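Every heavy atom of this structure was used, including side-chain atoms; hydrogens, water molecules and symmetry mates were not. Note that the structure is predicted; figures quoted are calculated from it, not measured.
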Amino acid sequence: MNESSSNQRPEVVWHDQSVSREDRERQLAQRGCVVWFTGLSGCGKSTIANAVDRKLSELGAVTTLLDGDNIRHHLCAGPDRLTAEHGPEFAERFGLGFGAIDREENIRRIGAVAELFASTGIITLTAFVSPYARDRQRVRQLIESVGRGGDFVEVFVDTPLETCEQRDPKGLYKKARAGEIQNFTGISDPYEAPPSPEIHLQTADKSPEALADEIVNYLKQNGMLIRT
């Protein structure tokens, strides 16, 4: 087979499944959705998302949690992680760094995976900086075009930059201030805060547990937890 024939695009056809989304949701007694945590590095996204995940599990809900660092190990791995197993050419083409285009593709991949989980009736929690409003909006459009309005729940974890820098659990802000990390959100790259998120968490005076309760209550009130 020559190069031109091997690169011909096969016809891609959508195949309906014999078990519908509604069937799966009735079986799980819940409504599949994507709860999208966004905010600066160190704002508390992962901590709050994990607290929500635990609380939902205790209520009997079926959930999954996609976390920024974990996703960067495999699905959205960088070139350095891919080189050893797949070689430099593969790593250069498919590995993701932290520039604007790489971040766009990172969020696109995550959004596609989150949609797959939500379409099976799973309450899908995601915790990513996701700094660009356009990328988050694209995920919202995907989730709601395949599912229903309200299936995308944007959670803005609103923690001041000064507080995030004081926490700095990985020492990233210090390195960014020193110029050792380029394109770091909040320092050398912008963060576009959501203008009208479904849930706006003001973290200054509340514990992660209390903030998690706000989200669980929202899901209950909006029909994601049919069993409660």
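When each of Thr159, Thr163, Asp158 is paired with Thr203, the side-chain contact (heavy atoms from CB on, under 4.5 Å) condition holds for Thr159 and for no other.
Put simply, CG on Asp53 and OG1 on Thr63 are 3.5 Å apart, with the number rounded to the nearest 0.5 Å. Atoms CD1 and SG, on Ile143 and Cys33 in that order, are 9.5 Å from each other to the nearest 0.5 Å.
Arg108 is linked by a side chain to side chain contact (heavy atoms under 4.5 Å, CB included) to Glu105, counting only residues two or more places apart in sequence or in another chain. Every residue meeting the ring-ring contact (aromatic ring centres under 6.0 Å, His included) condition with His200, not counting sequence neighbours, appears here in chain and number order: Phe156.
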Audit row: Arg134, Glu104, side-chain contact (heavy atoms from CB on, under 4.5 Å) steps and yes/no: CA-CA 9 Å; Arg134 181 184 65 179; Glu104 179 178 344; 3.4 Å; yes
Would Glu22 and Arg31 count as a salt bridge (charged side-chain N to carboxylate O under 4.0 Å, His left out) here? Give the steps. CA-CA 9 Å; Glu22 291 72 22; Arg31 173 178 158 185; over 6 Å; no
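Using a 4.5 Å cut-off on side-chain heavy atoms (C-beta onward), Asn183 and Asp102 make no contact. The closest side-chain heavy-atom distance from Ile110 to Trp36 is below 4.5 Å. Using a 4.5 Å cut-off on side-chain heavy atoms (C-beta onward), Ile71 and Asp67 make no contact. Using a 4.5 Å heavy-atom cutoff, the side chains of Met224 and Val153 are in contact.
Salt bridge Arg148/Glu144: absent, no basic N to carboxylate O contact under 4.0 Å. Classification of Lys220 and Asp213 as a salt-bridged pair fails, no side-chain N sitting under 4.0 Å from a carboxylate O. A salt bridge is absent between Glu162 and Arg167; no separation between the charged side-chain nitrogens and carboxylate oxygens falls under 4.0 Å.
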Kindly list each side-chain donor-acceptor pair under 3.5 angstrom involving residues 82-96, sequence neighbours excluded, with atom names and distances?
from, atom 1, to, atom 2, distance (Å)
Thr83, OG1, Pro79, O, 2.7

Sequence neighbours excluded and cut-off under 3.5 Å, please list the side-chain donor-acceptor pairs for residues 118-129, or say none.
from, atom 1, to, atom 2, distance (Å)
Ser119, OG, Glu115, O, 3.3
Ser119, OG, Leu116, O, 2.8
Thr120, OG1, Phe117, O, 2.7
Thr124, OG1, Ile122, O, 3.3

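Residues in residues 184-199 take part in these side-chain hydrogen bond (donor to acceptor under 3.5 Å, both in side chains) pairs, two or more places apart or across chains: Thr38-Tyr191, Arg103-Thr185, Arg103-Asp189, Tyr132-Asp189, Arg140-Glu198. For residues 168-179, the side-chain hydrogen bond (donor to acceptor under 3.5 Å, both in side chains) pairs, not counting sequence neighbours, are Asp69-Lys170, Glu165-Arg177.
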